[in-house]
Amino acid sequence: MKSRILIFVMFICISVQGQNITPEQNKFDKMSWFSEAKLGIFIHWGIYSVKGISESWSFFNEYISHRDYLNQLDSFDAINYNPKKWVELIKNSGAKYAVITSKHHDGFALWKTKYGNLNSVNNSASKKDLLTPFINELKRNKLKLGLYYSLPDWSFSDYDNFTKNKKRYLIHEEPKRWEKFIAYRDNQLFELNNLFNPDIWWFDGDWEHSAQEWKSLKLKQILLEKNPKVIINSRLNNYGDYDTPEIGVPIYRPKSNYWELCLTINDSWGYQKNDKNYKSSMQIIDIFVDVISKGGNLLLNIGPKADGTIPKQQEAILKDLGKWIKKHESAIYKTKRGIPYDHFYGPTTLNKKEEILYLFVRDLPKDNKIVLKGIENKINRAYILGDGTILNKQLLCKVYWNKYPGISYLEIPKDNIDPYYTVVAVVLDGPIKLFKEKTGAIESN
Ligand code: GLC
C-alpha cells in the first residue's frame, strides 16, 4: 500500500511539474550552463593546416585544385598531437566549453566514420581517430562539448556544389541524388550523436540551401529526440537556440537573449603560417569584456598545426586570458549583462541578484577617478576585485530637494591597476535601480 501511495505522489509531482514548465522555462533551463559559461574555445583543425591555406574555401574558390588540396592528406600526420595538453590549455584559458570541427566544408572527418570515404583514420597520414581522444579528455575535465559540423560537403560525390564555378547537378533534376546525400549526412550526425552525445551542435554553411532542402526542422526534431538537452546554434536556417555573429563584434546588444561571437585569433580560422595579424591579449580581452557586458559569449578560435601542436602565439594568448579571468572570476561567470554606457563609460556586468555591479576599467583617468552616474542605490562598498583594496568614494550633485541620485567618483589607487582591465566591484544596498527620470527644477524645499 505504502509503495502505491508513493507512486501516486510521485505521479502527481511529475504531472504538476510537467504542467508548469513552459517552453520559455524549458529553454531557460537548457541554456543556463551556456549563458553562465561566457568563454568557449573554437578549434579549426583539418588538412588545410598542412599548406597553411584557407580551410575548404581555398579549393572552392579555385585558388588550388581539388586534387592538390586533397594531397594535403598525405602530410596531415598529427604526429605531435597531445589532446591532454590541448584540454589543459583550454581549461586554463578560463573556457567552459570547446567547439571542434568534426568536419568542415571539405568533407574531411576527424573521426572514424562508417560513412563516406574521407576521414583521418583511412585517408590521412595520421591514420588515427583524432576526435575521440580529445572529447574523452574534455569530458574528463568536465568541459562541455560542441561539435561543429558543416552541412555542405563539397567533396562528397552526391553533394550538388563542388566549387564556385562547378556544380555536380541540380537538385530538382536529380532529387534522388540529393536524398542520397541527406541520408549520408544524417548517418554521420546520428553516428556522432551516439558516439559523443554533444552539448552543442554547431552547424555551418546553411546559406547554401533552403530549410526545406536541408530538411532542417526534421533534423532538429530528431536530434532533440535523441538528445533533448542539446543546444543548437543558429546556422540551421534559424531553427537554432542562439545567434552566432561572426568576427563583427556587435555594436548594439543583439536582440536574442542568447548569443555567441565567434572570433579568429588572427585573421584565419585554420592554421596559416603567413597570417601574422594576431590580436594582442589586450585586444582579445577588450572584445571579451565588451561581449559579456552585452550578455553574450565569446567563442575564441585556435588553429592547430598539421602535426597537432598549437602555435606558440595562440597558446600565449590563451594563457594570458586565463590568468586575467582567474583573478576576476566573480565578475565574469554566472553574471548578467551590465548597465548602459550612459551610466558608466565602459563595460559592466551584474551578479545574478543584481546587487553587485562590476566595472571594467581599461585606462585610468588623469585623476585616477572613475565616474558612475544615475544609480539610485546607496553604494555600500567599492573594492578592487582580486586585490581587495577599498576605494574612496565621493558623491556629487546630490541635493535633498530632488530625486536625482548624484554622481559617484571612485578613486583607484595607482599601484593597484591591472595590466589589462582593473575590475571594480560596487556593492549596492539592493538590486540595482537606474535613475530614468528627466532631471528638473526644485521638487521640494
Ligand atoms: C564560416 C566559414 C568557415 C568557418 C566558420 C566559422 O561560415 O565558412 O570557414 O569555419 O565560418 O564560424
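These figures come from a predicted structure and were not determined experimentally. Just follow the structure's listing: the first ligand is 1, and inside any ligand the first atom is 1.
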Q.
Quick one about Asn165 and Thr163 (side-chain donor to acceptor, distance below 3.5 Å, no hydrogens or angles considered), yes or no?
A. no
Q: Apply side chain to side chain donor-acceptor pair (under 3.5 Å) to Asp106 and His66, showing your working.
A: CA-CA 9 Å; Asp106 60 9; His66 186 239; over 6 Å; no
Q: Considering the heavy atoms of Cys262, write down every atom of ligand 1 situated less than 4.0 Å from one of them.
A: 12 (O)
Q: Please write down residue, atom name and distance for the protein heavy atom closest to atom 2 (C) of ligand 1.
A: Trp57 NE1, 3.5 Å
Q. Of the backbone atoms (N, CA, C, O) and the side-chain heavy atoms from C-beta on, which set of Trp202 has a member under 4.0 Å from an atom of ligand 1: side chain, backbone, both, or neither?
A. side chain
Q. Checking side chain to side chain contact (heavy atoms under 4.5 Å, CB included) against Leu151, which of Arg235, His105, Arg185, Glu208 comes through?
A. Arg185
(Q) Taking 4.0 angstrom as the limit and counting only heavy atoms of His104, give me the atoms of ligand 1 inside it, by number and element. (A) 3 (C), 4 (C), 9 (O), 10 (O)
Q.
List the residues meeting side chain to side chain donor-acceptor pair (under 3.5 Å) with Asp243, not counting sequence neighbours, and say none if there are none.
A. none
**Q.** Contacting atoms of ligand 1, where contact means under 4.0 angstrom from a heavy atom of Phe42
**A.** 6 (C), 12 (O)
Q: Please determine, by modelled atom types, if Thr349 and Arg337 share a side-chain donor-acceptor pair under 3.5 angstrom.
A: no
Q) Quick one: do the Asn233 and Tyr148 side chains pair a donor with an acceptor below 3.5 Å? A) no
Q. For ligand 1, is any non-hydrogen atom under 4.0 Å from Trp207's backbone (N, CA, C, O), its side chain (CB onward), both, or neither?
A. side chain
(Q) Suppose we measure from atom 4 (C) of ligand 1 to each protein heavy atom; which comes out shortest, and what is that distance? (A) His44 NE2, 3.5 Å
Q: From atom 5 (C) of ligand 1, work out which of Leu263, Thr101, Asp204 has a heavy atom at the shortest distance.
A: Asp204
Q) Does the ring centre of Trp269 sit less than 6.0 Å away from the ring centre of Trp45? A) no
Q) Relative to the heavy atoms of Glu55, which atoms of ligand 1 are at a distance of less than 4.0 Å? A) 3 (C), 9 (O)
